[in-house]
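Values in this document were obtained by computation on a predicted structure and should not be read as measured data.
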Amino acid sequence: MARVQLALNVSDVDAAVEFYSKLFGVAPAKRRPGYANFAVDVPPLKLVLIENPDARGAGVAGALNHLGVEVESSDEVGAATARLSGAGLDTAVEENTACCYAVQDKVWVDDPDGAPWEIYTVLADIAESTGTQLRTVEPGGGPGSACDCGPVCAPTMTIEPAPAGATR
């Protein structure tokens, strides 16, 4: 199952967990210091794009960390990379990268206003995640992002693949 991800910056994760638990009627699927994520089945998320150049950099814009689509496999990330590159978009690929208390494969693109989107799959959960970079590579091949997503992302790390037949 693929699902859209919306990542928000919050000032108080405990207050945010309390609010979003009530809003969506579910507890966090993962909770770590300074971090929480929810796997919400209902309602489905709808992304609305509203052109308003004067709003850029205003209050709500600062709450957006990044957007994403979680897919089930690295093959789907690879297919998305080929599709996006084939459509003429600059992409940035990260493999076996530690982010958001998980090891992930992902591809990044930026929308025309610079909003970062990732298509990713979770390879394994990890107990700790250090560093503050949103991503370690930029679409188009530039240096790593200086964006701060808090204490949840770490630079790309090498992790040996699981042996054949192993489960994650």
Side-chain angles (χ1 to χ4, degrees), residues 1-9 20 24 26-32 34-49 63-168:
M1 161 187 78
R3 60 181 162 202
V4 173
Q5 172 190 306
L6 170 64
L8 299 176
N9 295 314
Y20 286 107
F24 294 119
V26 297
K30 186 185 291 187
R31 187 78 164 84
R32 302 287 191 275
Y35 175 86
N37 77 40
F38 292 81
V40 180
D41 293 328
V42 176
L45 179 62
K46 179 179 180 181
L47 175 64
V48 177
L49 303 175
L64 177 65
N65 184 288
H66 67 281
L67 301 148
V69 178
E70 181 179 13
V71 295
E72 292 185 29
S73 71
S74 295
D75 289 342
E76 290 176 87
V77 173
T81 302
R83 180 178 58 79
L84 296 168
S85 295
L89 297 177
D90 288 332
T91 61
V93 175
E94 292 180 308
E95 295 177 336
N96 290 319
T97 192
C99 184
C100 303
Y101 295 92
V103 177
Q104 304 170 358
D105 284 346
K106 58 179 77 183
V107 60
W108 290 96
V109 294
D110 291 343
D111 83 359
D113 290 317
W117 276 89
E118 65 175 333
I119 298 175
Y120 70 99
T121 189
V122 174
L123 304 174
D125 282 334
I126 55 177
E128 293 186 23
S129 190
T130 60
T132 60
Q133 283 188 301
L134 175 61
R135 55 191 175 200
T136 60
V137 293
E138 287 288 324
S145 171
C147 296
D148 184 357
C149 65
V152 296
C153 299
T156 302
M157 59 193 299
T158 303
I159 295 179
E160 295 300 317
T167 59
R168 291 182 214 169

Inter-residue atom distance [X].[atom1] - [Y].[atom2], 0.5 Å rounding:
{"X": "R135", "Y": "T97", "atom1": "CZ", "atom2": "OG1", "result": "12.0 Å"}
{"X": "S74", "Y": "K106", "atom1": "OG", "atom2": "NZ", "result": "12.0 Å"}
{"X": "C99", "Y": "E118", "atom1": "SG", "atom2": "CD", "result": "6.5 Å"}
{"X": "D105", "Y": "E94", "atom1": "CG", "atom2": "CD", "result": "10.0 Å"}
{"X": "W117", "Y": "H66", "atom1": "CH2", "atom2": "NE2", "result": "10.0 Å"}
{"X": "I119", "Y": "L84", "atom1": "CD1", "atom2": "CG", "result": "5.0 Å"}

Problem - Backbone of V109 reached by a side-chain donor or acceptor of T91 within 3.5 Å - result: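 No; zero donor-acceptor contacts below 3.5 Å.
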
Problem - Student check: side-chain heavy atoms of Q104 and V77 closer than 4.5 Å - result: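 They are not in side-chain contact.
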
Problem - Under the side chain to side chain contact (heavy atoms under 4.5 Å, CB included) test, residues paired with D125 that sit two or more places apart - result: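 Scan of D125 (side chain to side chain contact (heavy atoms under 4.5 Å, CB included), adjacent residues dropped) gives K30, A102, V122.
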
Closest heavy-atom contact between [X] and [Y]?
{"X": "P28", "Y": "A36", "result": "CB-CB, 4.4 Å"}
{"X": "A127", "Y": "R32", "result": "O-NE, 3.9 Å"}
{"X": "D110", "Y": "P116", "result": "OD1-CA, 3.4 Å"}

Exercise for the section: Establish, from distance only, whether the side-chain atoms of E76 and T121 form a donor-acceptor pair under 3.5 Å. Expected result: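 Result is no, nothing qualifies.
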
